[in-house]
Amino acid sequence: MKVISGSKVIYKFTHDMEHVESIIPKEVVKVESNDCFFQQIVREDQVMTEIDYDKLNPATGPIYVEGAEPGDLLKVKILDINVADKGVAAAVPGEGALGDQVNNSTIRIIDIEDGYAIFKGVKLPIKPMIGVIGVAPAVEDGNWPTETPWKHGGNMDTTDIKKGSTLYFPVNQNGALLALGDCHAVMGDGELCFTGLEIPAEVLLEVDVIKEKTIEWPLVETEEHTMVIASGEDLEEALYSATNEAVKYIMNSLKLEWEDAYILASLSVDLKISQVVDPKKTIRAAIPKDVVPTERIIESLK
Ligand code: CA
Ligand code: ZN
């Protein structure tokens, strides 16, 4: 099995990134993922302003997938996420939903024991997830720092990007050029204070190509839902894009009038907040598979 070293990272998703490895469809690959601070934080008494901010949000890769061409979908199944035995969380003045109330920059190193993160006597079952994952953007979309989520993926910080889930990305460049980083051992929807439990990890992926199907925003398929992950300047803009896509998918796959698809979406689709702390905010619209199976949505794509 190919292993993509955590020393090979990017800080920007660009249309002309140089790949570090290539794989064939259905190949399983192991990716070494750095934490979002590139492991620069090891003690609670470190000063946040002394870390190198140019090294935030490294994404390992990119990986060239043979046969993936613009106009295709990249299908990425997350087989496993093995996190390290400790991680970092932080509160930083001005950051997060209540940034105005943070007086002291506060770093916490949190141990993981037997599948639990132990913090202040509270045992949280870990739910490992990938914060940053994406592909090369379209040329007209420009370059995207790894800290920002957009149509190519990036810093989507979505709790459903977890073991057992399958992601779908639009392929914009030959080889798709997949990269990932910023795993969290656990996080609540929203990532409200600015970090999850930031942690290095080894991620096992199975990557495949679906020819000649396109999507505007990434999808994540879980056991029960197909979720559109959309981002915008604020939650309203993200919500509009996610809802717009979800209604379109329901309309096209069930061959309904738009208004009926809109009503059916209102009866069945859950809107969830992914994150409120990155340069763009992220919402996901979760379409139940018993309303329309994922395969049917994919089939109906053009
Ligand atoms: Ca993140
Ligand atoms: Zn993170």
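Both counts, for ligands and for their atoms, begin at 1 and track the order of listing. In what follows, residues are counted from 1 in the order of the sequence shown.
One side chain, Gln39 or Asn34, offers a donor N or O that lies under 3.5 Å from an acceptor on the other. If you check the side chains of Asp16 and Thr14, you find a donor sitting under 3.5 Å from an acceptor. A donor-acceptor contact closer than 3.5 angstrom is absent between the side chains of Ser253 and Arg296. There is no side-chain donor-acceptor pair under 3.5 Å between Thr222 and Ser165.
The minimum distance between the Zn ion (ligand 2) and any N, O or S atom of His184 involves atom NE2. Looking at Asp182 and the Zn ion (ligand 2) together, the shortest N, O or S contact belongs to OD1.
Taking 3.0 Å as the criterion, Asn57 does not count as a coordinating residue of the Ca ion (ligand 1), since none of its N, O or S atoms falls below it. For Cys36, every N, O or S atom stays at 2.8 Å or more from the Zn ion (ligand 2). Here Glu147 fails the criterion, with no N, O or S atom under 3.0 Å of the Ca ion (ligand 1). The Zn ion (ligand 2) does not have Glu191 among its coordinating residues (no N/O/S atom, backbone or side chain, under 2.8 Å). Taking backbone and side chain together, Glu198 holds an N, O or S atom under 2.8 Å from the Zn ion (ligand 2).
Vertex the Ca ion (ligand 1); arms to Asp157 OD1 and Asp182 OD2; angle rounded to 10 degrees, 90°.
For the pair Lys12 and Trp144, the NZ or CZ position fails the cation-pi test of under 6.0 Å to the six-membered ring centre and within 45 degrees of the ring normal. Stacking of Lys123 on the aromatic ring of Tyr116 is recorded, both the 6.0 Å distance cut-off and the 45° axial limit being met.
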